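Worksheet: one structure, shown below.
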2 protein chains.
Amino acid sequence: MPGPIQSIERAAAVLRLLASGARRMGVGELARALELPKPTVHGILRTLQLVGFVEQSPDTGKYQLGAALFHIGSSYLDGNELRTRALNWSDSLAARSMESVRIGTLHEAQVLVVHHVFRPDNSRQVLEVGALLPAHACAMGKVLLANDPVGHVDDEPLKAFTNATITDLDRLSDALEQVRQRGWASDVEELVEGEVSLAAPIRDRRTVTVGAIGISGPIERLCDADRQPRTELVSYVREAARSISRELGAIPW
Amino acid sequence: MPGPIQSIERAAAVLRLLASGARRMGVGELARALELPKPTVHGILRTLQLVGFVEQSPDTGKYQLGAALFHIGSSYLDGNELRTRALNWSDSLAARSMESVRIGTLHEAQVLVVHHVFRPDNSRQVLEVGALLPAHACAMGKVLLANDPVGHVDDEPLKAFTNATITDLDRLSDALEQVRQRGWASDVEELVEGEVSLAAPIRDRRTVTVGAIGISGPIERLCDADRQPRTELVSYVREAARSISRELGAIPW
DNA sequence: CGCACCGTACGACATTGTCGAACGGCATTC
DNA sequence: GAATGCCGTTCGACAATGTCGTACGGTGCG
């Protein structure tokens, strides 16, 4: 039976839609979006509700993601070796750099944040674990794209977030080439005005890049007067990346 | 067609199993656990892999949860009104109490942690968002059980974690009655030796308890000499819970 | 070498999910 | 206040769909 199971595929599509929609959605709404008959969607929703993957508002009748899905999804982190091994090192990187630290993997041409350490200054910060960042506009993304065997670029036109965002494909591949040579990447106000990020690759025992670790913060703290990343911060990040890689078995010595 | 869709139910069971197993599992292993033929399980896995809900190790051939599931699951938090509204208040509760703060909901007789603020002292702490805590052995759980319309207790014998854990059903319902009267709950070394937690209920506009907020920390800081929770901490927690409830529309004045 | 186990492929069968049509409830409209 | 639109939900016949016995190639172990 080499072929996917239709109903499961559809159920996944429903969940994806509910996840992207941000708000609750009705049966008809989902049916229209998926181009499926309403009763079909309803059957799927009923089953997903039974297993706790979606919940239904008692009053409006609309559906949203369920708690069980959240809990199961978060168990992904337990099995994620990259994240487990990186826990200690990211803490110490945060302490040394005094900036917030994130660890990410490439997922469908975007950066999936699997770990996030807040900047150690007690400021109010939002947890970004589970979020997807645009790969072409952040340092972690560039690191991952530069070392990606599958060319994940050229899927779609590159979206601009600020006027420093790289939107040209040629310029991006030049930048990626530079990242490959230097061994680290930076993003200077390419995703958020005034924000800078630095990142370096994490490799496993097969020397494949499996993730990236990076810091991010305001440009005044991360860059010098020439808008260049401060060298000591770059080395902190690269050292952290190397330490994690060593723990994953990439560097035998 | 009032009846769940078999394949989706089974797919959910596979995911649950993979989530609980902590490590990677093989097709045969899953098939045996679910009492299903191997090819059936394989078909499900193939589909789940296609949609990114599971991943397969290239070398061992075993399966584990996938990144897509993690990302979709984490979107649950965006739609969770309780958590959204509670963000600010939990930060300030952490600042006032100088302890770590958690927000939880009842999920299948356990406490699902939907938010977690670290203790503001730069110490190394593990993020517990997405985790499930035993309801009868923590303060948030007691608050939720005490205000639960469905009697979620008596499902199974109560598991002991320390020798202070309440394992007797009658003693538990006495404790819950006290929680209802006082309006807050405590757990003194009932889950972890040396650890204490305090919690209060969060109600929504229908005055239904939809969650709980609480702090936890070492007994020396949370309790006085008589092992009684310190009153000022209790009021901090209760005030935070009331503020969130008011924001959810529970208290009109 | 042979055995046991793995993940995977095939394909006949009937179980299973699909989806057009229809129902009751709720707003809104005229 | 009847009419209309939309909603989430149910029914049930049909056939498409997924199920699962059987079998294959690969790997590790004794």
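Given the structure is predicted, the values throughout are model-derived calculations rather than measurements. All heavy atoms count here, side chains included; hydrogens, waters and symmetry mates do not.
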Measure the distance from [atom1] on [X] to [atom2] on [N] and round it to the nearest whole Å.
X     : N      : atom1 : atom2 : result
A:E29 : D:dC7  : CD    : C1'   : 12 Å
A:E35 : C:dT18 : CD    : P     : 16 Å
B:L34 : D:dC20 : CG    : P     : 12 Å
A:H42 : D:dC6  : NE2   : P     : 20 Å
A:D59 : C:dA27 : CG    : P     : 11 Å
B:I44 : C:dT8  : CD1   : C1'   : 15 Å
B:K38 : C:dT8  : NZ    : C1'   : 9 Å
B:R24 : C:dG7  : CZ    : P     : 14 Å

Practice item. Name the residue closer to the 5' end of DNA chain D, choosing between A:L45 and B:I8 according to the nucleotide with the nearest heavy atom. Key: A:L45
Nearest listed nucleotide, side chain of [X], among [options]:
X     : options               : answer
B:P39 : C:dA9, C:dT8, C:dC19  : C:dA9
A:P37 : D:dC7, C:dG20, D:dC20 : C:dG20
B:T40 : D:dC20, D:dG8, D:dT10 : D:dC20

Check your understanding: Do A:W89 and A:E247 have side-chain N/O donor and acceptor atoms under 3.5 Å apart?
Key -> yes
Review point. Are a donor atom and an acceptor atom from the side chains of A:T60 and A:R24 found within less than 3.5 Å of each other?
Key: no
Practice item. Strictly below 4.0 Å, heavy-atom distances to any atom of DNA chain D: list the hits from residues 47-57 of chain A, or just say none. Key: A:Q56
Point to revise | Which residues share a ring pair (Phe, Tyr, Trp, His ring centres under 6.0 Å) with A:H116, sequence neighbours left out | key: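 A:F118.
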Point to revise | Results of ring pair (Phe, Tyr, Trp, His ring centres under 6.0 Å) for A:Y76 - residues two or more places apart only | key: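 Here the qualifying residues are B:F70.
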Pairwise distance [atom1]([X]) to [atom2]([Y]) - rounded to 0.5 angstrom:
X      : Y      : atom1 : atom2 : answer
A:T207 : A:N147 : OG1   : CG    : 11.5 Å
B:L112 : A:S74  : CG    : OG    : 7.5 Å
B:W184 : B:K142 : CH2   : NZ    : 10.0 Å
A:T209 : A:D204 : OG1   : CG    : 8.5 Å

Review point. C:dC6 phosphate, OP1 or OP2: any side-chain N/O from B:Y63 under 4.0 angstrom?
Key: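 Negative; the distance criterion is not met.
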Exercise for review: Ignoring backbone atoms, test whether A:R32 places a side-chain nitrogen or oxygen under 4.0 Å from the OP1 or OP2 oxygen of D:dC7.
Suggested key: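 Yes.
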Practice item. Record whether the side chain of A:K62 comes under 3.5 Å of the base of D:dG8 through a donor-acceptor pair of N or O atoms. Key: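 By the distance-only test, no, there is no pair.
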Practice item. With sequence neighbours left out, write down each residue that passes salt bridge (Lys or Arg N to Asp or Glu O under 4.0 Å) with B:R10, or none if nothing qualifies. Key: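 With neighbours one apart ignored, the set is empty.
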Review point. Who pairs with B:R180 by salt bridge (Lys or Arg N to Asp or Glu O under 4.0 Å), at least two apart in sequence or on another chain?
Key: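 With neighbours one apart ignored, the set is B:E177.
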Pick out the pairs of N or O atoms, protein on one side and nucleotides 12-16 of chain C on the other, that lie under 3.5 Å.
from	atom 1	to	atom 2	distance (Å)
C:dT16	OP1	B:Q6	NE2	3.1

